[in-house]
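The sequence lines fix the lettering, A, B, ..., with proteins before strands; numbering per chain opens at 1. Given the structure is predicted, the values throughout are model-derived calculations rather than measurements.
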There are 2 protein chains.
Amino acid sequence: MNVQPVGAVDEDTIRFGELGQSVGFLLRIAQLQSFDLFFQRLASQGLKPGEFTVLWVVGLNPGLRQGTIAARLRIKPAHMTKLVHRMVEAGYVQRNVLDHDRRSVRLSLTDKGEAFVQSHKQAFLEFHQAERLNLTDAEFATLMQLLGKLTGIDDT
Amino acid sequence: MNVQPVGAVDEDTIRFGELGQSVGFLLRIAQLQSFDLFFQRLASQGLKPGEFTVLWVVGLNPGLRQGTIAARLRIKPAHMTKLVHRMVEAGYVQRNVLDHDRRSVRLSLTDKGEAFVQSHKQAFLEFHQAERLNLTDAEFATLMQLLGKLTGIDDT
DNA sequence: TGGAAAATGTTTTTATGTAAACTAAATTCT
DNA sequence: AGAATTTAGTTTACATAAAAACATTTTCCA
């Protein structure tokens with residue numbers, strides 16, 4: 001079975017060479033795969049990973065500066081501006097400029113924003129389970145620990 | 001030191017809550033971090049991760065279909081078309097339509113493309129080392145194995 | 001003080017990536 | 001054989017993200 005015609009190339013096997021030893025390459029593939037799964041499961045509820053993550057983090061850390069959150073989530077300032085404006089338009093987020101520093105913008109959830117996060121929290125957390133895919137508990141724990149070390153984000 | 005004014009928020013600490021247990025979230029952060037490092041080191045040489053990866057893979061697997069490579073690298077067909085055209089314009093890639101199936105397009109590197117890959121191979125591989133960051137050899141090996149399992153890409 | 005430098009966001013312009021509809025070629029199914 | 005389906009890639013129109021230049025406010029320090 002699966003005899004190759006003379007001169008043809010095996011379509012199923014791709015050689016990656018040293019790319020297979022690249023952390024960045026595998027991270028990229030894994031991440032895109034994860035996004036695919038996210039959209040497949042949660043797009044119907046109108047959730048986008050970036051937006052929902054911001055709402056989530058703002059909910060947990062009310063009053064933080066927009067820029068602080070952006071930096072931590074690796075969202076570029078220009079993009080953060082637009083994203084936050086969308087969330088304000090949607091009525092989920094409040095912007096607040098404090099007197100002692102009128103440059104910076106403090107973010108917090110509106111009641112509607114809180115309600116939105118709460119109502120989707122379950123699906124969001126279930127998704128986190130699903131994306132563990134075929135990893136055992138031990139493998140999962142190890143992976144998280146290593147990614148934590150790589151990213152400097154500790155699990156808190 | 002670092003006494004907070006009354007009513008202020010600690011700027012340094014962000015709580016992620018259950019997000020900290022999300023594979024997808026950590027993958028996303030790690031991946032963006034990796035891209036940042038890539039651009040920081042290799043942008044000056046005119047390398048983009050996606051483009052160089054395609055050249056690399058085409059070089060290792062001459063004669064594969066454009067679509068096969070795109071699927072494996074998780075590049076969308078529409079984007080692949082444009083990317084390949086850029087590479088053809090640059091003189092790095094040849095498109096080839098075989099008689100036995102005139103729908104599909106076979107890719108291979110031109111001599112110029114080969115030379116380009118060769119001349120940047122070193123920097124590319126050094127970058128792979130750098131992105132291991134603060135991981136030990138053992139941690140690195142484990143991480144790669146787990147990401148391999150997650151993505152279904154085995155190290156070959 | 002007061003002017004230079006830094007910090008924080010925003011706007012505009014450009015590049016990158018995606019979705020959906022489309023063309024063309026090959027395959028399948030009576 | 002010939003219509004219907006599938007496969008491969010392209011095109012167009014749109015969405016997303018990024019870089020660069022900008023405006024404003026604050027800090028630094030000579």
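- Boundaries of the chain A contact region on DNA chain D are D/dT16 to D/dT26, first to last in 5' to 3' order (nucleotide atom under 4.0 Å from a heavy atom).
- Judged by distance alone, the side chain of B/K112 and the main-chain N or O of B/A90 form a donor-acceptor pair under 3.5 Å.
- The CZ atom of A/R65 sits 11 Å away from the P atom of C/dA7 (whole-angstrom rounding).
- Residue A/L32 contributes atom CG, which lies 11 Å from atom C1' of C/dG17 at whole-angstrom precision.
- Relative to the six-membered ring of B/F127, B/R41 misses at least one condition, a distance below 6.0 Å or an angle of at most 45° to the axis.
- If you find the closest nucleotide of DNA chain D to A/F35 and to B/D101, the one lying nearer the 5' end belongs to B/D101.
- Looking at residues 73-81 of chain B, you'll see B/K76, B/A78, B/H79 sit with a heavy atom under 4.0 Å from some atom of DNA chain C.
- With rounding to whole Å, B/H85 atom NE2 is found 17 Å from C/dT16 atom P.
- No side-chain N or O of A/T151 forms a donor-acceptor pair with one of B/Q33 less than 3.5 Å apart.
- Using a 4.5 Å heavy-atom threshold, the side chains of B/V54 and B/E51 count as separate.
- When the C1' atom of C/dT14 is taken as reference, atom NZ of B/K82 falls 13 Å away, rounded to whole Å.
- From B/M87, atom CE reaches atom OG1 of B/T110 across 10.5 Å, with rounding to the nearest 0.5 Å.
- Nucleic acid contact for A/R86: none, since no nucleic acid atom lies under 4.0 Å from a heavy atom of the residue.
- You'll find the side chain of A/L107 reaches within 4.5 Å of the side chain of A/M80, heavy atoms only.
- If you take CG of B/L47 and P of C/dT16, they are 13 Å apart, rounded to a whole angstrom.
- Inspection of the A/Q118 and A/E114 side chains reveals no N or O donor paired with an N or O acceptor under 3.5 Å.
- The distance from atom CZ of A/R103 to atom P of C/dA6 is 13 Å, rounded to the nearest whole Å.
- When rounded to the nearest whole Å, the span between CG of B/L98 and P of C/dA25 equals 15 Å.
- We find that B/R74 and A/D36 are joined by a salt bridge, their nearest charged nitrogen and carboxylate oxygen being less than 4.0 Å apart.
- Residue B/D111 places its CG atom among 12 or fewer non-hydrogen atoms of other residues, nucleotides or ligands, all under 6.0 Å distant.
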